[in-house]
Amino acid sequence: MKNIKYLFFVAPLLLAACKKDFLNKTPVIELTEETAFINYDNFKTYAWGMYDYFDGYGVNGDGYPAALLSSDANSDNLARTLAGSQSEYAYQTKIIPGDGGRTRSLSTSGWNFDYVRQVNVMIDNIDKSAMKQADKDHWRSVGYFFRALRYYDLIAAYGDVPWIEHKLSDTSTVELFGKRTPRDVVAKNILDNLNFAETHIKADGDGDNTINIHCVRYLISRFGLFEGTWRKYHALGNADVYLQASKTASEKLMNNFSTCMANYDDLYNLEDLSKKPGIILFKQYAANLTTHFSGVRLQGSANSYIDVAKDAVESYLCTDGRPIGSSAVYAGDKTMYNEFRNRDRRLLYTVVPPYKVVIGNPNYTWKKNANAADAEYIDLFTTFQSENTIKKSLPIAQWSQTMQTGTIISESPHFRKSNSGQPQVVGELGYYYWKSYNRLPLDAKSSYATTDCPLFRIEEIWLNYAEVMAELGLFTQAVADQTINKLRPRAGLPKMTVADINASFDPKRDPDVTPLLWEIRRERRVELFGDGFRFNDLKRWKKGTYVNKQQLGVWVNNADYGNKLSISGGGASGYVEFFGTPPGWLNKFYYEPVPTQELVLNKNLAQSPGW
C-alpha cells in the first residue's frame, strides 16, 4: 500500500437532494459523486482508503492487532491477564451490546455496514464513468474483493446479515428496514463476487502490494475453507461447494508461490517485507508514510498483559516430530528449561524461553550466571540465523530495546507478583508472549515502529489446502509434502509422515477428531499463532468447548518466588494460575448478538439464536 493517498468525499456524498432544480446543480469547486468518479485515477485514489480495512499492527492503540485481542485472547491460545479481561465467552460475561460497536475498528465483528457503503459508493459509479470496459471490470473486481472481505467478517460473526448491493440513502426504506438475508444467499453472493473478480481483475493489480488476482484467490481460499467447514460441522449443507472453491484457489496460488521465508521470526520483525518469498500482501510502514504503535515497545514494558496458555504451549511438537504425549525427547514440564528443550522452534519465537543472568552496573550490561545451565537458551539463540540485522535474542531488554540504555530483565519466567524490583516484561502465567519483539530501533519520542505486517502469506494457503484436502478425503503423503512439510524445516522439525499418524500418536487428541485431521489442525494453530485465526477456527469446527479449561502457566516451586504466586490446587508447588475455572462455552456464542439499538430501529430484524 505504497504512497496511499486519501480523498474525503464524506460531506458531499451525504448531501440530500433538494426538490428545487436550481439547488440541484453540481458544485463547481467541490467534489461530488458526479465529479469524483470520472477516470481511472479517480477510482484508484478513492480505492486507497479501502485498504484501511486491514488493521495491521497497533491500530487499537495498545500495540497489538485487533484480531489478536478479539480472537486468540478469547480462545485457548492466549489470556489477557488483567483483572476483568478474561475471555467473555469462556467466563460467560458476553452481553448484548447497545450500539453495535460503531466506534470499533472496521474489521472487528461489530454490526457495522459503513464500510459496505464505502465500497458500494465506488461500485455504483463505475458504469457512469468514462473508463473503457476492461477498466470498469477491474474496479468492480476491486470493489467486490473489499466488499467480500467485510462480508466474510460479518457472516463469521452473525451468520444471517443484510446483503446490501448498492449505496443506501435515507429513502432506501426497504433495505434499511429489511430482514437479515439468509446465510445461504450471503455466502453465495460472496463467492459469486469473488469468482467475477478472479476473472476480471488486472492480474498485477495497480502495482506492487495492491489487490490483484493472487489476493482474490487468497480470499476465495480463506472464505471457502471457513464456510465449507462451518457448513459441514454445523450441518447446514452444501459444504463441498465452498471446500472445492478453496481447493481450486489454493492450488492456483501454490503454483505461483512455491517457497516461504526461511526464518519464521522474520515474518513479524522485518522493516521491509517487499519481494520476500511467499509474501502476497502486507501492510507497509515507513517513517515517511505511516508508523504503528509498537507491539515491540509494549512487549518490553509493564503493560502487555498478554500471556500464552499452557494448553497452547503443549500443542507444539517435539524435535522428533511427535507431540509431548508420545515423544521420546520430551523432557517434561517440571522446569521451564526442560519444557522448552527439543521443541518446535516456533515456540521459542513466540514465548520468551527461560534464562537467568547477572545484571551489571549500568543495568543494561549483563553476564552469565555461574550455573551454565541458566544460559542454555541464550546460547541457543546465537545459532539462529535471521535477516534481521539486530536479532531477536536473549536476555530480553526493557522497552528501549537497544540494550544500551534500557534495563536487562534478569530472568524468565518473570512474574508480575515476584519480579525483584524489575516491573517490566512481567506476566502472570510465566509464558510471556514476544512474537513481535525485536531490537530494531524505535522512534525515541513516540515509541512508534516501522516493522511491516504480513497480511496474506503462502503459509496460510498451504494450511488451508492441507485442511480442505483432509475434509474432502484427499489428503496423502504427497499433499503433506506440498504443504505442511514446507513449514517444518524452519521449525527445526522432521517432515510429517502420514503413515505414522495413528490413534496412539497423540494421547491428548480430541477423540471426535481423526488423528490426521488433529495433526493438520495442530500445524495451523502453531503456524498462525497470535495472527487472529484461532477463535473463528474453533467456531467453524464447532469446538467452542475447547475454551472450557482453566488456563494454567508454568510449573513452579512457589517458595522460589516468595510464595507470592497463585498455584492451581493451592499447593506449595504446581502450575501457576490467574483466573479460576471458567463456567464454559454456551452454544449461543457461535453467533454474535445483534445490538439492542438495531433491533429498536428495525423491527424486522431478528435476534441471533439463543440471545
inquiry  = How close do Lys392 and Lys435 get, counting heavy atoms only, and between which atoms?
reply    = NZ-O, 3.0 Å
inquiry  = My understanding is that only residues two or more places apart in sequence, or in another chain, count here; which of them pass side chain to side chain contact (heavy atoms under 4.5 Å, CB included) with His234?
reply    = Trp230, Leu236, Lys542, Tyr590
query = So does Arg346 pair up with Asp344, basic N to acidic O under 4.0 Å?
reply = yes
key: Sidechain-backbone polar pair: Thr248 side chain, Ala245 backbone, donor-acceptor under 3.5 Å   = no
key: Near-ring test Phe589/Tyr89, centroid separation under 6.0 angstrom   = yes
inquiry  = If we ignore hydrogens and angles and just use 3.5 Å, is the side chain of Ser75 paired with the main-chain N or O of Phe535 as donor and acceptor?
reply    = no
request  = Go through the structure and list residues passing side chain to side chain contact (heavy atoms under 4.5 Å, CB included) with Asn536, not counting sequence neighbours.
outcome  = Ala156, Phe226, Lys539
Salt bridge (Lys or Arg N to Asp or Glu O under 4.0 Å) pairs, two or more places apart, involving residues 273-282 = Asp208-Lys275, Lys276-Glu387
inquiry  = Quick test of your reading: applying salt bridge (Lys or Arg N to Asp or Glu O under 4.0 Å), list the pairs with at least one residue in residues 156-166, sequence neighbours left out, ordered by first then second residue.
reply    = Arg147-Glu165
inquiry  = Can you confirm whether Val241 sits close enough to Leu191 that some side-chain heavy atom of one is under 4.5 Å from a side-chain heavy atom of the other?
reply    = yes
request  = Could you tell me which residues satisfy side chain to side chain contact (heavy atoms under 4.5 Å, CB included) with Asp127, sequence neighbours excluded, listed by chain and number?
outcome  = Lys136, Arg140
message = Under a 3.5 Å threshold, yes or no: a donor from one side chain and an acceptor from the other, between Ser250 and Asn464?
response = no
ask   = Counting distance only, does the side-chain N/O of His138 pair as donor-acceptor with the main-chain N or O of Ala134 below 3.5 Å?
value = no
message = Looking at Ala312, is its backbone amide N or carbonyl O close enough to the side chain of Ser315 to form a donor-acceptor pair, meaning the two atoms are under 3.5 Å apart?
response = yes
ask   = What about the rings of Phe505 and Trp518, do their centers lie closer together than 6.0 Å?
value = no
task = Keeping the roles fixed (side chain from Asp320, backbone from Ala328), state whether a donor-acceptor pair exists under 3.5 Å.
result = yes
query = In chain order, what residues pass the salt bridge (charged side-chain N to carboxylate O under 4.0 Å, His left out) check against Arg457, with sequence neighbours excluded?
reply = Glu459, Glu527, Asp531
message = Taking the ring centre of each residue, are Tyr437 and Tyr268 less than 6.0 Å apart?
response = no
ask   = Less than 4.0 Å between a side-chain N and a carboxylate O, is that true for Asp184 and Arg231?
value = yes
ask   = Is there a donor-acceptor pair under 3.5 Å between the side chain of Asp72 and the backbone N or O of Leu68?
value = no
ask   = Do side-chain atoms of Arg524 reach the backbone of Glu519 as a donor and acceptor pair under 3.5 angstrom?
value = no
ask   = Checking side chain to side chain contact (heavy atoms under 4.5 Å, CB included) for the pair Glu467/Leu225: CA distance, chi angles, key distance, verdict?
value = CA-CA 8 Å; Glu467 186 178 345; Leu225 175 65; 3.6 Å; yes
query = With a 4.5 Å heavy-atom cut-off, do Tyr330 and Asn342 have their side chains touching?
reply = no
Separation between CG of Asp206 and CH2 of Trp48, rounded to the nearest 0.5 Å = 6.5 Å
query = Taking NZ, NE, NH1 and NH2 as the nitrogens, is one of them in Asp76 or Arg534 under 4.0 Å from a carboxylate oxygen of the other?
reply = yes
inquiry  = Between His166 and Asn120, is there a side-chain donor-acceptor contact under 3.5 Å, judged purely by atom types and distance?
reply    = no
message = Between Lys543 and Asp512, does any side-chain N to carboxylate O distance fall below 4.0 Å?
response = yes
key: Sub-4.5 Å side-chain heavy-atom contact between Pro323 and Arg522   = yes
task = May I have the step-by-step check of side chain to side chain contact (heavy atoms under 4.5 Å, CB included) for Ile201 and Tyr144, ending in yes or no?
result = CA-CA 10 Å; Ile201 199 167; Tyr144 282 177; over 6 Å; no
inquiry  = Does either side chain, that of Arg490 or that of Asn263, offer a donor lying less than 3.5 Å from an acceptor on the other one?
reply    = no
note = Looking only at heavy atoms, the pair that brings Lys188 and Tyr242 closest together is N-OH, 3.3 Å
note = Minimal heavy-atom distance between Ala480 and Val498, with the atoms involved, is CB-CG2, 4.0 Å
message = By the definition side chain to side chain contact (heavy atoms under 4.5 Å, CB included), identify the one residue from Ile280, Asn256, Ile461 that meets it with Arg217.
response = Asn256
Between Asp153 and Tyr53, a side-chain donor and acceptor under 3.5 Å = yes
key: Validation row: Leu281, Phe54 side chains within 4.5 angstrom (heavy atoms)   = yes
request  = Over all heavy atoms of both residues, which pair between Gln551 and Ala79 is shortest? Give the atoms and the distance, please.
outcome  = OE1-CB, 2.9 Å
message = Salt bridge or not between Lys202 and Asp135? Use side-chain N to carboxylate O under 4.0 Å.
response = yes
ask   = Hey, would you say the Phe381 and Trp434 ring centroids sit under 6.0 Å apart?
value = yes
ask   = Can any side-chain N or O of Asn485 pair as donor or acceptor with the backbone N or O of Met496 at less than 3.5 Å?
value = yes
request  = Indicate yes or no: at least one non-hydrogen side-chain atom of Phe340 is less than 4.5 angstrom from one of Leu348.
outcome  = yes
query = Is there a side-chain contact between Ser246 and Ile220 (heavy atoms, below 4.5 Å)?
reply = no
key: Any donor-acceptor N or O pair under 3.5 Å, side chains Gln118, Asp114   = no
query = Under 4.0 Å between a Lys/Arg side-chain N and an Asp/Glu carboxylate O for Lys549 and Asp311?
reply = yes
key: Residue pair Asn212 / Asp204, side-chain heavy-atom distance below 4.5 Å   = no
Polar contact flag, side-chain donor to acceptor under 3.5 angstrom, Glu271-Thr451 = no
request  = Report yes or no: does Lys508 contribute a side-chain atom to a donor-acceptor pair with the main-chain N or O of Ile324 at less than 3.5 Å?
outcome  = no
key: Side chain Tyr218, main chain Ala249, donor-acceptor under 3.5 Å   = no
task = Assess the side chains of Asn255 and Glu251: does a donor N or O sit below 3.5 Å from an acceptor N or O?
result = no
key: Trp139/Tyr40 aromatic ring centres below 6.0 Å   = yes
His214 and Phe257 aromatic centres sub-6.0 Å = yes
inquiry  = Go through it in stages, so that I can follow the logic: the residues are Arg540 and Glu227, the test is salt bridge (Lys or Arg N to Asp or Glu O under 4.0 Å), and I'd like the CA-CA distance, side-chain angles, deciding distance and then a yes or no.
reply    = CA-CA 8 Å; Arg540 65 186 174 89; Glu227 187 64 13; over 6 Å; no
key: Gln284 versus Ser274, side-chain donor and acceptor atoms under 3.5 Å   = no
query = Tell me, do Arg488 and Glu523 make a side-chain contact under 4.5 Å, heavy atoms counted?
reply = yes
Distance-only donor-acceptor check, side chains Tyr431 and Glu339, under 3.5 Å = yes
